[in-house]
Amino acid sequence: MNSQASVLSVKDLKVVFSGFKALKGVNLDVGTNEIVTIIGPNGAGKSTLLDAIVGKSPVASGHVYYQGQDITNKSPHDIARMGIGRKFQNPNVYNELSVFDNILLALKGTHGVFSSIKAKLTTAKKDKIISVLDRIGLLEQGYAKVSSLSHGQKQWVEIGMVLAQDPAVVLLDEPTAGMTADETYATGEIIKTIATSHSVVVIEHDMEFVKQIAQRLVVLHQGEKLTEGSVAEVQSNPKVIEVYLGREQIDAA
Amino acid sequence: MAQALGQVQQSSFIPKKWQIINLVALLIFIIFPFVAGTFQTNLMAKLLLFGILGVSLDLVWGFTGILSFAHGVFFTLGGYATAYYLKLNLSAAANNYGGTVPDFMVWNGLKELPWFIAPLQYFPVAIVAMVAIPAGFAYAIGSFIFRSKVSGVYITVITLAIASALTTFFVSQQAYTGGTNGITDVSKLILFGMVVPPIGIYFIILAFATLTIAGSWWLTKSNFGLILRSIKENEKRISYLGYDVASFKIFVWTLSAAIAGICGGLFVPLNNFISPVYLGVAFGTQIVIWVAVGGRGTLFGPVIAAILLGQLQNSVDRITQDWQLIVGIILMVVVLFLPDGLMSLLPNKLFSSSSNKLEKT
Amino acid sequence: MNVLPFNAISSLVYLAQASPPAKAIDPVAITNQLLNGVGIVGILLLTGLGLSITFGVMRIINLAHGEFIMLGAYTTFVLQSNFKMDLLMTIPFSFLFTALVGALVEVTIVRRLYGRAIETLLATWGLSIVLQGVVKLIFTAQLKYVKAPPYIRGNWTPFTIGGQAIEISYYRLFIIFMALLLLGITAYLLYGTTLGREVRAVTQNREMARCLGVNTSLVDMLTFAYGCGLAGVAGTVIASLKSVAPAMGQDYLVDAWMTVVAGGVDKLVGVLAGAVLIGESNAAIAYLLNDPTARVIVLAAVIVLIRYRPEGLFTVQKRG
Amino acid sequence: MKKLPHPKGLLSAITRRRFIQYSSLAAASSIVVACAKSGGDAAKDPAPATTGATPATASAADGKKGIKVGVMYSTTGSIAIVEKSLQDATFLAIDQINEGTGPWAGKKGIDGQMLEKVVVNPDSNWDLYNQMSKRLIDEDKVVCVLGCYTSASRKSVLPVFEEKDRLLYYPVYYEGNECSSNVFYTGAAPNQQITDSIPYCIKNFGKKGFFIGSDYIYPKESNRIAKAELVAGGGTVVGDEYAALGTTEFITIINKIKQAKPNFILSNLVGDSIPAFYKQLKDAGITSKQIPIMAFPTTEEEIQAMGPEFAEGHFSSFNYFQTVDTPENKAFVEQFRAKFGKDRVTNGVMEAAYIQTFFMAQAMEKCAKEKKEFTTANLREATRGQEFKAPQGTVKSDADNYHTYLYSRIGKWKADGQAEIVFATKAAVKPIPWSQALYKGRMCVHKTPDTRASSIVETKKPIPVAFLDKP
């Protein structure tokens, strides 16, 4: 167990859905302030891996350690409180609430029933929310209902939620889907700043974006880890080219 | 500008026009018993109670998204607590069978008061039981079902089963519950050595209603209310933000049951009886209808709907005996054309505060 | 707080005391009881089947289900009293009539509410009040009487033990036969025909099915009408066991729901499982204790079942 | 200040939505009015009920105001099956009083004043019985109320009548145990239905009785009294089962009956359960020859609903059967059918509803003759002791306990759905509200004039059976 070195550590993780083996024993280590990018074709088990980490999908066997603690199959809210934040593939935000309220909900805090009743909107909290809104460029739309925003803006809202949550480990599932090239680039820069003080795991398809942010790449294929390494290493790995890219070059995207 | 931002979020903030409307409404309710006759005062007190019962359901349904047909159960449990109290304090002269054992227990062969009912003859015990029994029952059920992956319509089916099972149970336990008849021939409510007159009960109910609505307003405007609404929209997402959804659900469910229990408790001195008819699915559905017609997620909607539908039924009954046919038609029309209920007819301006621009501080 | 569990126990004690001289569990009687339970299973299956279409397949929470049963019973009453029709002969008519009413309801009400489950629930509750009211206006609240076919009378005795007959009435057998027959037909329609495939496609992904050229609104209407038609047949078959009245459907609503949910809504076989489970356990407990206690226990068991297996007994675990 | 300027299209869309909402509400209310009208018409009451909203229309021809009488029976919901026929019988009586026909021949109204009925429908809901009785008394200011069926409904309104000191006339056989100054009971007390039937069962069927009933106070209390009588007569109780109100599934109970092999079944099932039980019993192969049913609440109405072949050979104990051979009954049946249809039957509960309306009218007449106002006290004093030549024979409202002297009869059901009367008392039996098998010597004696004080008297000695002296 070398979990001392890594913030998040996944050991031989297996997830099974009614007989279908979605993950067949995956290992993964995420170090402090490191960006790990996971790539892989559809159905490789990328989202399932994140689901298993945050307690959404039940783990059949194997373990997830966070800062040395076994968090396997703990409830999602416990895992979130420990410091793992998640952004979902499709923007998973509250459409009926304002952008402000979405960020407010995500704000780091005790999150208990009674504390939420007593909670007051302090200046510190307001400042924090406003700085998050500013950072995701939605200050103008602060009081707008999320349902009135574009798809890309909703992605930003969810990134904002993760920022407000201020977790030690940030899991991002395709954060740039539906964004323009400029927006994608901006997102990449934000992720890099996040990584100065957080560990980040990103699932991504867009190779330009991957190259922009990636420190270490993990390739999943059919529920198994195919290989891992730097962008260059992965790109030159024959197995990856064989099963993942087929005839195409990896940077053709 | 920072203050302006604060306004929107602070619970104490209520738009001015709306404040005035509330005050006027409260005044009307205070004057009402002095203007209207005995019957209307009594009916209005009952409809207010039913309205608050609707508000209690609205907290779990309108705000949190849990549809329950079991709110009549909590109402009835609270009602039985005070009904036992009033029954056990019936003067000896009025009790045909002498002693402390109520008539229906004598008829069913009980020789002495069951130990679990006996403490209810003391006022403080009865008052605590009125809140604690429905709340405790709700807490037990809530802990059982909300800490599982059951959600949505399955919760609703469970509440149907609870209402149905408890009705059968109360009816079959005639010796302890009075069976289908329930508990009747109860004494008047006596507070501080004085019999509370009907108008007194009206004002107790009005005070309770005002407090409940004010409290619920404050609660739903707080951070807690925001969390409830998020649970309603997407309960999974919020757990990834570190909220224990089940404990929020259990809390609001228990709170709502406590309010419903007090409604039931106040209902008995008003109506002089309680019976399993309020346990059943039919009454549970009626509560759902008040909330749906009034407007889910609004605190005044259920009260307005209960009063309007109650008065409508009372006056339509003078025209036709088939008044429930009309209630059915209204329900269908509201659902089809007014999905957000009667409250959605009010202009939005009443509720929305002027929106503010956010600025960097 | 512990008043309730205590009450439950004391109630059993009380019931035991109130019962006449303690009876030994007689093997013949218990066999008869379990065999008779088949009769209860038949009724649950019959009344739950329509619901397993409207709820299980279409996800429509139809609280007017009991009223469609009632409409079926009245159809039979009208045909029998006016044309002296045999009960069996009226089955197609009550199917067609209730299916027609169901189609009308789908077009006018349910169609506007797809995807809004709670609204459907409220609208159909309103509908149930209206249907009862209208039937009462036409036929008055008086009980009506439907004759069972004269050739389905008496008892079938498969064997006797020590001179005591094990028997079940032919009419109960007829009910379970009808229920199984309808279950078979429905299963064939749903899994063995193109229409059934379209139905399942529409309910799984409406948009996709529409893109593939399925007339989704027609499929919706037909499916809902079929579910209502099944309720109508249930009404006809049950009518001769009891009497026909506007409020008769209410009795079946909760039980039909429990049957469908306990067995699992995703598979048609779930409704059979639910009916067998609820019917037989009800029969067994009712024999040992009594009917009200059996009902309370079975409902409590269903709650626990839903708690631990919300997907029902016969459904596979799904992702997420 | 608005952040997002609303585009024009959006604004107009909102107004249009609001417009649809308002107009649909308007449409709904017009549907309501239309339905209310058609509902009233469709009820096809031969004499449309005058309503509290339009009291002027009910004024008598000579300009005198009508006497408002509340009529409270459910015409919808689960017990409408019975209560509708009670309402019919009440309407028949009121029309006869107003028109001066039937027993009221030669008179016109109450000394020239017409009865004005204020009809409410509590929808088989105990809560609404309570609410509507308050309305009748406080808002419609009726003189008295005719109505209720089942103990639960009576119990829910009793506090209202006692608190406001008004009179309720209650037409249904019940479990007894009541001694109220505000209710006149015209249905059977326990001693008028149970006491004669148990000895009859022991003598004709045997000593083993199986008791069944619907799960509420009347059947349970009634069976408790009957069981005590059976044991007192040397018989044994071999079964005691209760089914939820409205149950129509009797497989288990029938199976238990088969196992217990009783000589007779004593049934206190009510309403919709009755037809279901009789049908399923016959389906299960138990004939009336093997195990006859002695029933209390089973009347012509339920027999007609189930089809007579299922009831043939079974028994009912009641005060009245349609086949009672008196001139008054012949007229009653004829007049009822003329008004409500040839296929209708009469039964004992309806007859009680009919009787009590005449008790009330006679009492009002007495007050009017003595120039007394129709106050509760006056009407109460005038009602006690009233005699009436009822279809079942001469009956009398007991001056002591406000129950009614009634005949006790046992009928055996025939193939035509009518009863052959196999037992009848020689005259109406004096009512005793408490079963003497359970509460020996307990009586109810209201003072004259009634002070509304507690009127229970304990004699500790058995109360002898008494009959009404024939005039």
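Naming convention: chains lettered A, B, ... in sequence-line order (proteins, then strands); numbering from 1 in each chain.
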Let's test your reading of the structure: which of D/V160, D/T76, D/T150 forms the most heavy-atom pairs below 4.5 Å with chain B? D/T76

Quick check on the interface: out of D/L158, D/V120, D/D123, who has the most heavy-atom pairs with chain B under 4.5 Å? D/D123

Going by heavy atoms in the side chains, are [X] and [Y] under 4.5 Å from each other?
| X | Y | result |
| --- | --- | --- |
| D/D127 | B/F267 | yes |
| D/R154 | B/T184 | no |
| B/T180 | D/I217 | no |
| B/K46 | D/K134 | no |

Heavy-atom closest contact (D/W126 atom, B/F273 atom, distance): O-CZ, 3.8 Å

Rounded distance (nearest 0.5 Å) linking atom [atom1] of [X] with atom [atom2] of [Y]:
| X | Y | atom1 | atom2 | value |
| --- | --- | --- | --- | --- |
| B/L43 | D/R135 | CG | CZ | 10.0 Å |
| D/D215 | B/Q174 | CG | CD | 6.5 Å |
| B/N42 | D/D138 | CG | CG | 8.0 Å |

Check each atom of [X] against the heavy atoms of chain B and say whether the ones under 4.5 Å are side chain, backbone, both or neither.
| X | result |
| --- | --- |
| D/E221 | side chain |
| D/L128 | side chain |
| D/N130 | side chain |

Which bit of [X] is near chain D, if near means a heavy-atom gap under 4.5 Å: side chain, backbone, both or neither?
| X | answer |
| --- | --- |
| B/Y278 | side chain |
| B/T38 | both |
| B/F39 | both |
| B/N271 | both |
| B/L270 | backbone |

Regarding B/N181 and D/K155, do their side chains bring together a donor and an acceptor under 3.5 Å, going by distance alone? no

Taking atom NZ of D/K440 as the centre, does the number of heavy atoms from other residues, nucleotides or ligands within less than 6.0 Å exceed 12? no

